[in-house]
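To start, the structure under review is shown below, and the notes come after it.
What you see is a predicted model, and the numbers here were worked out from it, not measured in a lab.
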Amino acid sequence: MQKARLILLVCLTLFIFSSASHAQNREVEEIWRTQRDSGKIISESEILELFDRQPYFGMFKDNYIITGIPLNKEINGNNADAKFQISIHQRITKTILPFNTFLMLTYTQKSFWSIYKESFPFADNNYSPGLLLGKPVVRNNKLEGMLAFSFEHESNGKDGIESRSWNYFSISGVYFFNPNISVQTKFWAGWYGKENKDLNKYRGHGLMAFNYKSLNDKFMVSVFINPRKKIGNYNTQLEFNYQLNPKINQYLFIQWYNGYGEGLFNYDKYSSMLRIGISIKPPMWNFY
């Protein structure tokens with residue numbers, strides 16, 4: 001009974017968040033709606049004003065709760081699990097900084113929850129606060145993407161031999177080929193805790209993601225590729241989203257992760273996990 005209540009609490013939190021965020025997403029998504037109509041032109045100042053009108057508090061990355069099984073080993077209660085992510089931002093400024101940039105605080109928590117064990121412990125919690133300087137990229141009166149420079153910390157919140165942490169700077173960008181297709185890249189460099197000095201061997205120094213979204217936003221597919229330190233070795237992630245109801249920002253969510261470093265604690269252990277659940281999404285694009 002206690003397990004069911006905890007899971008229900010997480011789901012209820014995501015449901016409330018998704019209902020509140022759906023209205024917030026409308027104005028941002030309207031950029032695409034207008035740009036699809038070739039008879040209408042949005043000026044750069046109008047696009048920046050639209051960004052500045054967005055709520056200061058909102059979603060940063062995908063928020064979800066999913067559960068699933070390993071594909072690389074025999075399935076049992078010790079390796080099947082649940083995974084959830086909560087990701088938010090608090091914008092500090094509008095696009096008033098030099099080069100039409102803005103500043104925001106970000107926070108992402110990713111947790112791996114052993115709900116099929118008797119005591120349903122958390123196997124790993126990864127906490128990641130950050131500071132981000134962002135810039136909408138507008139060219140020929142079209143929003144073509146976003147650039148960001150950020151400083152982030154990621155830790156499992158433990159000390160001693162169980163501690164896993166690192167601090168890093170990153171440069172990332174997303175480019176919209178059209179309203180359906182976008183691509184994202186991210187590169188990072190930093191320093192690592194003494195218990196995970198070889199993290200870069202398993203997480204590498206960058207990633208690339210490809211996203212497809214149907215015109216009615218019903219389907220979304222994303223492919224994430226993260227090269228590891230050795231050439232030819234990759235961590236990969238495939239995601240599929242299907243919108244359950246056009247009036248709310250909730251999606252049936254399927255995620256497959258294959259490789260190393262999905263979580264911090266066992267970053268050097270290979271895993272291949274297939275999970276399914278519910279996600280709510282930030283407007284227009286994914287962030288990884």
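Under the side chain to side chain donor-acceptor pair (under 3.5 Å) criterion, Tyr267 pairs with Asp198, not counting sequence neighbours. Among residues two or more places apart in sequence or in another chain, the ring pair (Phe, Tyr, Trp, His ring centres under 6.0 Å) test is passed with Tyr270 by Tyr260. Residues passing the ring pair (Phe, Tyr, Trp, His ring centres under 6.0 Å) test with Phe102: none are found, sequence neighbours excluded. With sequence neighbours excluded, the residues satisfying ring pair (Phe, Tyr, Trp, His ring centres under 6.0 Å) with Tyr242 are Phe219. For Lys61, there are no salt bridge (Lys or Arg N to Asp or Glu O under 4.0 Å) partners at least two apart in sequence or on another chain. Under the side chain to side chain donor-acceptor pair (under 3.5 Å) criterion, Thr95 pairs with Asp52, sequence neighbours left out. Residues that satisfy the salt bridge (Lys or Arg N to Asp or Glu O under 4.0 Å) test with Arg228, not counting sequence neighbours, are absent from this structure. Qualifying side chain to side chain contact (heavy atoms under 4.5 Å, CB included) partners for Pro121, counting only residues two or more places apart in sequence or in other chains: Ser114, Lys117, Ser119. When the side chain to side chain donor-acceptor pair (under 3.5 Å) test is applied to Asn78, no partner is found at least two apart in sequence or on another chain. Applying the side chain to side chain donor-acceptor pair (under 3.5 Å) test to Asn233 and every residue at least two apart in sequence or in another chain returns nothing.
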Solution key, residues 165-177 side-chain donor-acceptor pairs under 3.5 Å, sequence neighbours excluded:
| from | atom 1 | to | atom 2 | distance (Å) |
| --- | --- | --- | --- | --- |
| Trp166 | NE1 | Glu154 | OE1 | 2.8 |
| Asn167 | OD1 | His153 | ND1 | 2.7 |
| Tyr168 | OH | Glu152 | OE1 | 3.0 |
| Ser170 | OG | Ser150 | OG | 2.6 |

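Note on ring orientation: taking the six-membered ring where Trp is involved, the planes of Tyr288 and Phe224 are tilted (angle from 30° to 60°).
Counting non-hydrogen atoms of neighbouring residues, nucleotides and ligands closer than 6.0 angstrom, the CG atom of Asn72 exceeds 12 such neighbours. The environment of NZ in Lys158 is sparse: at most 12 heavy-atom neighbours from other residues, nucleotides or ligands sit within 6.0 Å. Applying the 6.0 Å contact sphere to NZ of Lys197 captures no more than 12 heavy atoms from other residues, nucleotides or ligands.
Leu131 has its side chain within reach of Ile92: a pair of non-hydrogen atoms, C-beta onward, lies under 4.5 Å apart. Between Leu252 and Ile276, some side-chain heavy-atom pair lies under the 4.5 Å cut-off. In this structure the side chain of Leu97 reaches within 4.5 angstrom of the side chain of Leu103, judged on heavy atoms. Residues Phe60 and Leu132 form a side-chain contact, since some pair of their non-hydrogen atoms from C-beta on lies under 4.5 Å apart.
Although no hydrogens or angles enter the test, the distance criterion places no donor-acceptor pair under 3.5 Å between the side chain of Arg275 and the main chain of Gln255.
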Kindly determine whether Ser111 and Gln109 satisfy side-chain hydrogen bond (donor to acceptor under 3.5 Å, both in side chains), including the steps that lead there. CA-CA 6 Å; Ser111 296; Gln109 178 179 331; 3.1 Å; yes
Run the side-chain hydrogen bond (donor to acceptor under 3.5 Å, both in side chains) check on Asn63 and Ser87 step by step: do they pass? CA-CA 6 Å; Asn63 288 254; Ser87 185; 5.3 Å; no
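Remark: Asp124 does not engage Lys110 in a salt bridge, criterion side-chain N to carboxylate O under 4.0 Å.
Residue Phe187 belongs to no hydrophobic cluster, having no ILVMFWY side-chain heavy atom closer than 4.5 Å to its own.
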